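Just below is one structure, and these are the notes that go with it.
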2 protein chains.
Amino acid sequence: MGYQPNAIAQGLVKKETKTIGLIIPDITNPFFPEVARGIEDAAVEAGYTVFLCNTNWNAEREERYLNVLMQKQVDGLIIGPSSEEVSHLGKILDSGIKTVFISRAINHANSTCIIIDNVLGAQQAVEYLIQRGHRKIAFVGGREDISTNRERLQGYTQALSNNGLALDESLVKTGSFKRDSGYFIMNQLLKSEACNRPTAVFAANDLLALGVIQAVKENGLSIPSDMAVVGFDDIEFASLPEIQLTTVAQPKYDMGKLAFSTLMELMRGGGYSSGRKILLDPVLVIRETG
Amino acid sequence: MGYQPNAIAQGLVKKETKTIGLIIPDITNPFFPEVARGIEDAAVEAGYTVFLCNTNWNAEREERYLNVLMQKQVDGLIIGPSSEEVSHLGKILDSGIKTVFISRAINHANSTCIIIDNVLGAQQAVEYLIQRGHRKIAFVGGREDISTNRERLQGYTQALSNNGLALDESLVKTGSFKRDSGYFIMNQLLKSEACNRPTAVFAANDLLALGVIQAVKENGLSIPSDMAVVGFDDIEFASLPEIQLTTVAQPKYDMGKLAFSTLMELMRGGGYSSGRKILLDPVLVIRETG
DNA sequence: CCCCCTACCGTAAACGTTTACGATTATATC
DNA sequence: GATATAATCGTAAACGTTTACGGTAGGGGG
């Protein structure tokens, strides 16, 4: 009869809205659309709709979103946190809204997280570079205060020490997780005299790696002979024949699906998933940049 | 006092939810995240939250989403349509939900659209190729039934006839708007004997162009000397030094902002914007592939 | 034939707000 | 000091559902 039930009224009485919030820092980084697609595909199948909340790495906006989503009575939350300052996140967790964190764990008692083993991934990447004979390997990082970055740095450090290499602080630089930051940092690194230059760089994500590569090439050096580069994420464009970026792959789409199904369990009241840290295995995919 | 008003209850009585729906065909195509970011930035500023609805080019899913969003009482809709079959879209328009279409106009009386001048953009691209001496130019398109594709094809055809060139049907191929489709089509085109081969291709979007380039290179040809390639959209990765794709640029982020502000006007009851077709100017950015 | 149980239908309360209206109190002006 | 106006407070209805409960009717069994 063309009758459409009013989901708002239903939500009011049923106390569930069949709606979840997805908070991510940068939808412009192809990593996130891929996991968002996984989340969404799983969500529609389960009859849920998702609010897209892109924070542009802005913690304040993240907090505003958190409040808005609470007010909109979302049944659950999937968050890729934008900041290490988690007081507002803790508030949400304590409020009882079911939440799963992606891409980054949160320092809070029983938070549920789906994350890649960042230190292992980074370690594999750097050990691969060492294996290939590199001794001066730079770390080009994203935001220093983000644990993803810290863990990847830790893997880097660990790989060095595992192989008896000293950590050279001057080769460790951080900025943001964007391409221009990689470009900027690499240009700085290339300013030092040739003998002090690194021969390889491990970038904390693929966007950074792309910026690094650009800087390297613009300085007349070639890749990988003068400078090997490996990234992290394996975004789709890493596999382009012109790029062929060696990188640590994350199962992005599946992470999204897993994130939703885990959230679903949480929402169904499954204590089982509560507080679980699901650690996924990274796989180093070797292409031509390193 | 920690009191959080219940937006659901508010929505019920106020008959507005401060919520809009965004329906797009493929969030994995970097074009869409960029416009989504523009929409979102404008939306948060105005106090709105946006439902992300990714259809994967599936018309049925689009229709399902449309119903869900109606039921969820969204105040407005921004749609990048996935199909030319618009009966369900017409239903929505007639239902009075304020809607603006992006990236593609809809064949319905007074629909409001924000679109790039596709035929002009394509024409510019192809005329540029002709200027560079190309006579056999292929068209590698996306979905045939999508008007975006038809309009770009029309621009292509027009450029040819403007320059006294005959349209060679065998050089016009369509598939989907994805990279693998471009790759597949180009491989087919390259199967014909060398003398019948095109010397240039105009691809209906950048993803297709990337696939085309891959196929060309894998066939041992070089770009642009053996095969010139120009795309459409100017996604961020088109500007990578390794890619340097010549392409027709769209103001993606600004289109998003404009889409939201236009929708806002519609929602405020502004008859002014109703039924308006806003046609944006493309700009050909010349890089190194063509 | 009467009673009991079941099934169905309709009615009312509840969900958490907003808004409008009425009443009460305060303030200012004459 | 009295009246008129303004401001404040509280109350009730409304938004569109769901759910629970009570009542009625019908059917079956004693």
Side-chain angles (χ1 to χ4, degrees), chain A residues 1-23 43-53 61 63-78 88-89 91-99 263-270, chain B residues 1-23 43-53 63-79 88-89 91-99 263-270:
Chain A
M1 319 247 73
Y3 165 70
Q4 297 278 78
N6 181 327
I8 291 294
Q10 289 178 325
L12 189 57
V13 27
K14 291 235 208 103
K15 287 170 175 319
E16 71 166 355
T17 53
K18 290 284 182 182
T19 283
I20 67 166
L22 170 61
I23 303 183
V44 288
E45 203 175 335
Y48 283 77
T49 315
V50 3
F51 279 123
L52 172 67
C53 306
R61 185 154 154 183
E63 186 169 3
R64 270 222 311 272
Y65 258 135
L66 238 19
N67 286 322
V68 169
L69 292 176
M70 281 196 69
Q71 291 173 196
K72 293 214 194 281
Q73 313 291 120
V74 293
D75 297 337
L77 241 28
I78 298 178
H88 55 294
L89 292 177
K91 205 179 69 186
I92 293 299
L93 282 168
D94 296 334
S95 85
I97 295 193
K98 304 304 181 185
T99 304
L263 178 60
M264 202 61 193
E265 252 175 60
L266 243 38
M267 293 190 300
R268 270 201 283 260
Chain B
M1 320 246 72
Y3 166 69
Q4 298 278 77
N6 181 326
I8 291 292
Q10 289 178 326
L12 188 57
V13 26
K14 291 234 207 103
K15 289 168 170 322
E16 71 166 355
T17 53
K18 290 285 183 182
T19 283
I20 67 166
L22 169 62
I23 303 183
V44 288
E45 203 174 338
Y48 283 78
T49 315
V50 3
F51 278 124
L52 172 66
C53 307
E63 186 169 2
R64 269 222 313 272
Y65 258 135
L66 239 19
N67 286 321
V68 170
L69 292 175
M70 280 196 70
Q71 291 173 195
K72 293 215 192 280
Q73 312 292 121
V74 294
D75 297 337
L77 242 28
I78 298 178
I79 308 183
H88 54 293
L89 292 176
K91 205 180 69 184
I92 292 299
L93 281 167
D94 296 334
S95 84
I97 294 193
K98 304 304 183 185
T99 304
L263 178 60
M264 202 61 193
E265 251 175 60
L266 243 37
M267 292 191 300
R268 270 201 283 258

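What you are looking at is a predicted structure, and each value in this text was computed from that prediction instead of being measured.
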Roughly how many Å is it from [atom1] in [X] to [atom2] in [N], rounded to a whole number?
X: B:I8; N: D:dG16; atom1: CD1; atom2: C1'; value: 12 Å
X: A:E16; N: C:dC15; atom1: CD; atom2: P; value: 17 Å
X: B:K18; N: C:dT17; atom1: NZ; atom2: C1'; value: 16 Å
X: A:L12; N: D:dT19; atom1: CG; atom2: C1'; value: 14 Å
X: A:K14; N: D:dT18; atom1: NZ; atom2: P; value: 6 Å
X: B:Q10; N: D:dT17; atom1: CD; atom2: P; value: 19 Å

Keeping B:D75 on the side-chain end and B:K18 on the backbone end, is there a donor-acceptor pair under 3.5 Å?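 Confirmed, B:D75 side chain pairs with B:K18 backbone.
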
If you compare every side-chain N and O of B:Y3 against the phosphate oxygens of C:dT17 (OP1, OP2), does one of them come in below 4.0 Å?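 Result: yes.
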
With a 4.0 Å limit, can you tell me whether A:K15 has a side-chain N or O closer than that to the phosphate oxygens OP1/OP2 of C:dG16?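 Affirmative; the distance criterion is met.
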
Got [X] and [Y] here, is their nearest side-chain heavy-atom distance under 4.5 Å?
X: B:V44; Y: A:Y65; answer: yes
X: B:I20; Y: B:L77; answer: no
X: B:L22; Y: B:C53; answer: no
X: B:L52; Y: A:F51; answer: no
X: A:V50; Y: A:T19; answer: no

Heavy atoms from other residues, nucleotides or ligands near CD of A:E45 exceed 12 (cutoff 6.0 Å):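 No, not enclosed.
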
Could you walk me through whether A:T49 and B:K72 pass the side chain to side chain contact (heavy atoms under 4.5 Å, CB included) test, one step at a time? CA-CA 9 Å; A:T49 315; B:K72 293 215 192 280; 3.0 Å; yes

Classify the nucleic acid contact of A:Q4 as base, sugar-phosphate or nothing, counting any heavy atom under 4.0 Å across all strands shown.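 The answer is sugar-phosphate, as A:Q4 gets under 4.0 Å only of primed atoms, P, OP1 or OP2.
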
Show me the dot-bracket string of DNA chain D, counting Watson-Crick or G-U pairs under 3.5 Å, with | for pairs to another strand and [ ] for crossing ones. ||||||||||||||||||||||||||||||

Tell me which residues in residues 68-75 of chain A put a heavy atom below 4.0 Å from DNA chain C, sorted by number, or none.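 Close to the strand, none.
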
Derivation and outcome, side chain to side chain contact (heavy atoms under 4.5 Å, CB included), residues A:N6 and B:Q73: CA-CA 7 Å; A:N6 181 327; B:Q73 312 292 121; 3.5 Å; yes

